[in-house]
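Structure record follows, encoded as structure tokens.
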Amino acid sequence: MKGPRPKVGILMGSDSDLPVMSETARVLQEFGVPYEITVASAHRSPARVEKYAAGAERRGIQVLIAGAGGAAHLAGVLASFTTLPVIAVPLASSPLSGLDALLASVQMPPGVPVAVTSIGSWGARNAGILAVQILATADPSLKGRLQDHRKMMAADVERKARKIESGWRAGGRK
Ligand code: RP5
């Protein structure tokens, strides 16, 4: 059975990136955003990256997310083949713990931008949320879900604050 057309494309440099990039997929699922996920490497399979990027818009994809480690160039190469917005997630798969991927992704020269998140699973989650925010500019119901998500986070902080404050008082600390 065919599901709804994916609106977000998640690309990873390797299947070894899946444990982290599945965090992006989880966020999109939570917001009810249809997505697709696959592997394409800018250096091991550049032709596959080009083919994927060239066909993405035609398939209804509106935002691309690229997770890669090492001297990561997946997001930049992807962005060179499309005018869709591209979000890079630098992954900590190299001995440099993702700093190399962060710098490679973030220092795009003018003309072909990519948005870059924090390294690793925080970034993978934020890439999903940022993609939802981009889609929500033209989707009021998605915007509502984002507002609910913000309210939930604020309520969670309130709950934690009350718990810490009451424990502090009970312990007799000033
Ligand atoms: C990058 O090299 C991938 O994105 C991955 O993070 C890293 C290692 O890939 P594998 O050697 O595990 O396939 O291209």
Side-chain angles (χ1 to χ4, degrees), residues 2-137 142 146 149 153:
K2 264 182 121 179
R5 263 161 69 116
K7 291 185 175 168
V8 177
I10 306 172
L11 225 57
M12 298 168 283
S14 171
D15 60 349
S16 62
D17 299 324
L18 185 59
V20 176
M21 293 311 294
S22 59
E23 293 283 326
T24 305
R26 191 170 57 79
V27 168
L28 295 172
Q29 263 161 28
E30 280 168 10
F31 279 95
V33 171
Y35 65 92
E36 62 184 23
I37 184 163
T38 189
V39 174
S41 165
H43 50 279
R44 292 172 179 155
S45 66
R48 180 169 166 77
V49 176
E50 179 175 6
K51 190 170 171 217
Y52 181 86
E57 198 162 354
R58 204 172 43 243
R59 288 199 313 282
I61 299 289
Q62 295 175 40
V63 184
L64 290 165
I65 298 172
H73 32 247
L74 181 57
V77 171
L78 197 54
S80 74
F81 290 120
T82 177
T83 54
L84 290 173
V86 176
I87 305 169
V89 183
L91 299 178
S93 46
S94 82
L96 295 182
S97 305
L99 189 57
D100 43 352
L102 172 67
L103 295 178
S105 305
V106 84
Q107 281 302 109
M108 285 295 285
V112 183
V114 300
V116 184
T117 68
S118 44
I119 297 169
S121 64
W122 289 5
R125 280 158 59 187
N126 270 348
I129 296 169
L130 183 55
V132 173
Q133 288 179 322
I134 293 169
L135 295 172
T137 58
L142 209 46
L146 277 167
H149 177 248
M153 284 195 297

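All ligand and atom numbering here is 1-based and tracks the order in the structure.
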Residues passing the side chain to side chain contact (heavy atoms under 4.5 Å, CB included) test with V114, sequence neighbours excluded, are A75, A79, V86, A88, M108, V116
Does some side-chain heavy atom of L135 sit less than 4.5 Å from a side-chain heavy atom of V8?
yes
Name every donor-acceptor pair, under 3.5 Å, that has one atom in a side chain of residues 118-131 and the other anywhere in the protein, sequence neighbours excluded.
residue	atom	partner	partner atom	Å
S118	OG	G123	N	3.4

Residue pairs meeting ring-ring contact (aromatic ring centres under 6.0 Å, His included), one or both in residues 54-109, sequence neighbours left out, come to H43-H73
Under 4.0 Å from ligand 1, residues with heavy atoms, in chain and number order, are G13, S14, S16, D17, H43, R44, A68, G69, S93
Could you tell me whether the side chain of I134 reaches within less than 4.5 Å of the side chain of Q62, counting heavy atoms only?
no
Would you say that R59 contacts E36 through its side chain, given a criterion of any heavy-atom pair below 4.5 Å between the two side chains? yes
